[in-house]
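In what follows, every chain begins at residue 1, and chains take the letters A, B, ... in the order their sequences are listed. Since we're looking at a predicted model, the values are computed, not measured.
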Amino acid sequence: MNYWLMKSEPTEFSIDDLENVDCEPWDGVRNYQVRNMLRDAMQIGDLAFFYHSNCKEKGIVGIMEIVTTGYPDSCAWDPKDKHYDPRSTEEKPLWYRVDVKFVKKFPQLISLNTLKAHPDLTELPLVKRGNRLSIMPISTPQWQTILTLC
DNA sequence: GCCAACGTTGGC
DNA sequence: GCCAACGTTGGC
């Protein structure tokens, strides 16, 4: 059982969008480090913070659950898709995704500033300079610390 | 295998 | 809209 933080731009896909569907394929990841986490590390039952990025109210807005292990991201095979990548084929998939499901939305968001200011979260990849991963692992102590902030 | 050019992310 | 950081690409 692992903990994660997964970023999404709320104009693309928000926690409210997630609340309104049964489950959602987390597709479009085109970064190898993140691909490896999706393909190799994520397990059914893992929990992830949902983070709203690149918007006015940046921060963690809730929790979701990983409901599949990694499987090929078929978006990469669709020439009409924004994330089309001709290097990926059904025989040799290059990109992977998992399905996620809504667990809860926090009564108020835990802002990026709050996370940055917390003395126990200085090692959180999210608040480290230059970090650009859209999915990152969260340690159990970090997970528990963040839960006290909501 | 080096590295310059280019693209993307995402906070500000 | 700017730009720092850093990943990726491709010529050599």
Side-chain angles (χ1 to χ4, degrees), chain A residues 2-21 24-42 46-66 68-100 102-139 141-143 145-150:
Chain A
N2 308 295
Y3 295 114
W4 307 94
L5 181 146
M6 299 166 77
K7 298 182 190 173
S8 179
E9 301 191 12
T11 52
E12 296 290 322
F13 187 76
S14 74
I15 186 91
D16 297 316
D17 296 324
L18 182 65
E19 189 169 8
N20 289 319
V21 294
E24 175 74 12
W26 200 268
D27 54 26
V29 168
R30 297 294 178 264
N31 169 285
Y32 288 105
Q33 268 181 274
V34 177
R35 187 278 310 267
N36 292 346
M37 289 187 253
L38 290 168
R39 188 188 59 187
D40 306 330
M42 282 193 170
D46 285 359
L47 295 175
F49 287 126
F50 194 127
Y51 178 87
H52 281 177
S53 71
N54 205 11
C55 59
K56 195 145 178 276
E57 301 268 288
K58 288 178 285 292
I60 294 171
V61 290
I63 296 176
M64 54 194 167
E65 181 180 346
I66 312 304
T68 68
T69 51
Y71 66 99
D73 184 354
S74 58
C75 294
W77 308 330
D78 179 0
K80 293 188 293 297
D81 195 277
K82 183 180 167 187
H83 299 288
Y84 174 61
D85 185 343
R87 296 173 302 169
S88 181
T89 64
E90 292 195 46
E91 294 73 33
K92 292 191 88 170
L94 186 59
W95 303 113
Y96 284 74
R97 66 184 177 211
V98 298
D99 289 356
V100 298
F102 178 85
V103 173
K104 72 181 290 189
K105 181 180 174 179
F106 294 147
Q108 58 181 42
L109 105 164
I110 304 168
S111 74
L112 178 59
N113 284 338
T114 302
L115 295 165
K116 278 184 173 170
H118 198 288
D120 294 343
L121 297 175
T122 54
E123 293 305 309
L124 196 65
L126 181 76
V127 304
K128 288 208 153 184
R129 186 180 145 97
N131 171 73
R132 288 171 40 189
L133 297 178
S134 62
I135 298 179
M136 65 193 75
I138 303 280
S139 72
Q142 286 168 343
W143 179 271
T145 298
I146 293 168
L147 282 182
T148 66
L149 301 175
C150 68

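- A side-chain donor-acceptor contact under 3.5 Å links Y71(A) and D99(A).
- Here the range on DNA chain C touched by chain A, meaning any atom under 4.0 Å from one of its heavy atoms, is dA5(C) to dT9(C).
- Every residue two or more places apart in sequence or in another chain that forms a salt bridge (charged side-chain N to carboxylate O under 4.0 Å, His left out) with E65(A) is listed here: K101(A).
- Of the residues in residues 121-134 of chain A, R129(A), G130(A), R132(A) come within less than 4.0 Å of DNA chain C through at least one heavy atom, sorted by number.
- Put simply, the residue from V98(A), V100(A), N2(A), T69(A) that forms a side chain to side chain contact (heavy atoms under 4.5 Å, CB included) with D46(A) is N2(A).
- With sequence neighbours left out, T114(A) forms a side chain to side chain donor-acceptor pair (under 3.5 Å) with S111(A).
- Here salt bridge (Lys or Arg N to Asp or Glu O under 4.0 Å) pairs that include residues 105-117 of chain A, with residues two or more places apart or in two chains, are D16(A)-K105(A).
- The salt bridge (charged side-chain N to carboxylate O under 4.0 Å, His left out) search around E19(A) returns none, not counting sequence neighbours.
- Shown for residues 47-54 of chain A: no residue has heavy atoms falling under 4.0 angstrom of DNA chain C.
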Side-chain donor/acceptor pairs under 3.5 Å, residues 25-34 of chain A, sequence neighbours excluded:
unit_1, atom_1, unit_2, atom_2, d
R30(A), NE, H83(A), O, 3.0
R30(A), NH1, D73(A), OD2, 3.0
R30(A), NH2, D73(A), OD2, 3.4
R30(A), NH2, H83(A), O, 2.9
N31(A), OD1, Q33(A), N, 3.0
N31(A), OD1, V34(A), N, 3.0

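- Residues passing the salt bridge (charged side-chain N to carboxylate O under 4.0 Å, His left out) test with E123(A), sequence neighbours excluded: K128(A).
- Shown here are the salt bridge (charged side-chain N to carboxylate O under 4.0 Å, His left out) partners of D17(A), two or more places apart in sequence or in another chain: there are none.
- Listed by residue number, the members of residues 110-120 of chain A with any heavy atom below 4.0 angstrom from DNA chain B are L112(A), K116(A).
- Backbone-only engagement by R87(A) is indicated by non-hydrogen atom pairs under 4.0 Å involving sugar-phosphate atoms exclusively.
- The closest side-chain donor-acceptor pair between T89(A) and W77(A), if any, does not fall under 3.5 angstrom.
- Scored by the ring pair (Phe, Tyr, Trp, His ring centres under 6.0 Å) test, Y3(A) finds W143(A) as partners (sequence neighbours excluded).
- Contact annotation: the side chain of P137(A) approaches that of W4(A) to within less than 4.5 Å [non-hydrogen atoms, C-beta and beyond].
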